[in-house]
2 protein chains.
Amino acid sequence: MAPEADRTKRPTRTSVWLEGKPAGRGRRSERPDRPGQSPSSATGQPPGSATGRSPGSATGQSAGSSTGQSAGQSGQPAGLDRDRITAVSVRLLDAEGLAKFSMRRLAAELGVTAMSLYWYVDTKDDLLELALDAVFGEVRVPDLTDESADWRDQLRELAVTYRAVLVRHAWVSPLVGRYLNIGPHSMVFSAAVQTVMGRTGLGPHGQTGALAAVFQFVYGFGTIEGHFVQRSAEAGVSQDEYYRQAMGAIGEQPRFRASFEGADALMASRDGDTVAQMRDRDFAFALELLVAGIEAMRDRG
Amino acid sequence: MAPEADRTKRPTRTSVWLEGKPAGRGRRSERPDRPGQSPSSATGQPPGSATGRSPGSATGQSAGSSTGQSAGQSGQPAGLDRDRITAVSVRLLDAEGLAKFSMRRLAAELGVTAMSLYWYVDTKDDLLELALDAVFGEVRVPDLTDESADWRDQLRELAVTYRAVLVRHAWVSPLVGRYLNIGPHSMVFSAAVQTVMGRTGLGPHGQTGALAAVFQFVYGFGTIEGHFVQRSAEAGVSQDEYYRQAMGAIGEQPRFRASFEGADALMASRDGDTVAQMRDRDFAFALELLVAGIEAMRDRG
DNA sequence: ACCTGAACACCGTTCAAGT
DNA sequence: ACCTGAACACCGTTCAAGT
């Protein structure tokens with residue numbers, strides 16, 4: 001048989017978590033060539049549960065350069081491993097954003113050439129998947145064995161903790177859409193979500209619908225909020241100052257004069273609140289709205 | 001006075017829509033150097049309303065190469081303008097995705113060099129903002145002057161049409177978070193959203209919270225759905241086949257055996273439905289949940 | 001007024017080679 | 001086993017120059 005045209009350069013394999021070798025230390029794997037995109041992405045949230053091997057502290061502190069045994073210039077060691085690479089990736093993504101994150105930049109931070117990284121991961125996407133799952137390790141999952149707990153409280157806790165992750169790590173949002181999210185920490189989170197939804201009293205169809213309502217809302221909210229927080233920080237001003245400047249800039253445009261009463265009214269109704277307070281209040285209200293909505297749909301049969 | 005250090009290469013100016021010259025044909029503008037990020041990004045949705053100059057049909061058909069008067073090799077004309085560039089950008093973004101969209105690729109499609117484009121826009125970001133607003137021209141806005149209309153129907157219509165845009169153009173989602181969204185079409189949409197929220201009977205604070213609940217949900221839902229649709233298309237298989245393959249690939253992994261009953265149960269409960277049907281049902285249920293939630297919060301005072 | 005060529009400072013990734 | 005240098009095929013953008 002003639003060699004099958006070799007299709008594209010890289011055989012499709014949609015997730016680091018679907019590698020040949022199980023626990024994944026180093027070593028370029030044999031790339032099982034599996035297709036796929038998870039049910040999570042079809043319905044809005046991942047399937048089962050899993051155990052998590054912790055990747056050390058994902059959010060380190062020193063943002064200088066290579067910490068520890070750097071290899072200098074020539075040949076060997078350098079003390080790399082997936083966990084360290086992942087941790088430094090998270091730090092870099094937090095500090096400089098997804099757009100500026102590159103294999104070369106990361107390698108420099110680790111005191112190594114870009115090509116060294118390819119011993120530990122197959123692609124940049126693999127690295128981002130690892131970073132993504134690492135920050136899902138930050139979610140606080142409620143005690144699911146507590147039979148007496150109110151599902152409303154558990155749902156609120158999951159929503160709040162998911163929002164916090166999205167805001168702390170603005171780069172997470174685009175990746176959630178991009179990958180399977182079947183890493184160990186992601187699985188713990190989505191298993192918790194499903195368990196809690198199971199306690200609402202809704203039927204199976206209602207559960208998936210309500211799950212989408214709640215967590216797609218949190219995803220959207222946290223995404224926009226994270227962007228805003230990051231932009232203000234990059235501009236070196238407070239969120240309130242940033243907000244004020246933006247409103248001013250838009251208001252100055254003659255194009256917008258006519259259509260600006262709504263925003264002005266909103267501005268006026270602030271009553272001295274900060275944008276952070278306004279956002280928190282919106283989030284809290286929306287969450288109560290969703291809980292009330294679940295109850296209403298349940299009572300409706 | 002000495003020249004003020006010249007900060008970065010490009011003075012900050014956060015939106016094409018905040019250019020010096022109003023209607024924006026060609027000509028590198030004088031870059032007013034304004035700061036800002038809109039209130040929309042703080043609260044989740046833009047401010048006022050606006051009128052829209054239509055950029056021709058944003059979604060053209062011929063996906064070959066330069067349509068019409070191409071300049072060949074040497075000097076002049078080429079028949080470029082912002083509307084044509086925007087329309088071709090949308091076509092290219094739809095066909096090949098945000099990741100593959102480049103100034104050079106677009107220029108080739110227009111039969112021109114990349115540098116020509118910089119006569120019409122200052123940056124790639126400007127171009128993406130124009131494309132983004134162009135597809136917001138696809139939203140169907142309900143008749144807001146109809147006093148007898150039910151706000152529930154109008155809210156559903158806006159949600160459905162926003163979802164459709166996000167799914168048809170998967171590249172829209174990351175851009176919504178990135179830019180101000182103060183283009184004419186975006187403004188029409190958000191003004192409609194605010195008008196309809198004003199009819200729910202909620203107080204001002206409730207309105208912004210409920211607005212976030214509904215439209216951040218739609219944003220999240222449409223984002224994930226758009227990704228899934230695009231991935232299936234790229235893989236050249238139906239959505240159902242794609243879903244099946246993904247489940248199979250994950251299920252094969254021993255790591256996931258233990259944690260897979262939940263997903264299996266979900267799989268079994270499908271009863272022969274397609275993933276598209278499941279998604280539509282989830283969306284519809286979530287939307288009714290949100291409407292019921294708004295009513296409950298309103299009656300709660 | 002509108003378009004181009006060459007150049008700068010980047011990318012992700014492959015491959016053959018070093019130790 | 002782990003790391004590197006050189007190279008390939010790309011990026012966005014600037015600048016001086018063409019017509």
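Computed from heavy atoms alone, side chains included, the values below leave out hydrogens, waters and symmetry copies. Numbers restart at 1 for each chain; the letters A, B, ... are given by sequence-line order, proteins then strands.
Considering only residues two or more places apart in sequence or on other chains, A:V167 meets the side chain to side chain contact (heavy atoms under 4.5 Å, CB included) condition with A:R163, A:E225, A:V229. Taking A:Q230 as the reference, A:A170, A:E234 meet the side chain to side chain contact (heavy atoms under 4.5 Å, CB included) condition, with sequence neighbours excluded. For B:E241, the side chain to side chain contact (heavy atoms under 4.5 Å, CB included) partners are B:V237, B:S238, B:R244, B:Q245, not counting sequence neighbours. With sequence neighbours left out, the side chain to side chain contact (heavy atoms under 4.5 Å, CB included) criterion links B:T223 to A:Y219, B:S173, B:Y219, B:H227. Every residue was checked against the salt bridge (charged side-chain N to carboxylate O under 4.0 Å, His left out) condition with B:R104, not counting sequence neighbours, and none meets it.
C:dT13 atom C1' lies 14 Å from atom CG of A:L127, rounded to whole Å. Summarising the geometry, the separation between CG on A:D125 and P on C:dG12 is reported as 11 Å, rounded to the nearest angstrom. At whole-Å resolution of the value, CE in A:M103 and C1' in C:dG12 are 8 Å apart. The distance from atom NZ of A:K124 to atom C1' of C:dC11 is 8 Å, rounded to the nearest whole Å. A:K100 places its NZ atom 15 Å from the C1' atom of C:dC11, with the value rounded to the nearest Å. The distance from atom CZ of A:R104 to atom P of D:dA9 is 15 Å, rounded to the nearest whole Å. For B:L106 and D:dT13, the CG to P distance is 13 Å, given to the nearest whole Å. A straight line from CH2 of A:W119 to P of C:dC15 spans 15 Å, rounded to a whole angstrom.
When each of B:F101 and A:T113 is assigned the nucleotide of DNA chain D bearing its nearest heavy atom, the one mapping closer to the 5' terminus is A:T113.
Here the nucleotide nearest the side chain of B:Y120, chosen from C:dG5, C:dT14, C:dC2, is C:dC2.
The residue B:S102 sits close only to the backbone: its heavy atoms come under 4.0 Å of sugar-phosphate atoms, none of a base.
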Problem - Secondary structure of DNA chain D in dot-bracket form (Watson-Crick or G-U wobble, distances below 3.5 Å, | marking inter-strand pairs) - result: ||.|||||...|||||.||

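With respect to the salt-bridge test (charged N to carboxylate O, under 4.0 angstrom), the residues B:R82 and B:D126 do not qualify.
Here the separation of D:dA16 from C:dC2, taken at their C1' atoms, is 15 Å to the nearest Å.
Close to D:dT4, at under 4.0 Å from its OP1 or OP2, lies a side-chain N or O of A:S116.
The aromatic rings of A:F189 and A:F136 sit tilted relative to each other, their planes meeting at an angle between 30° and 60°.
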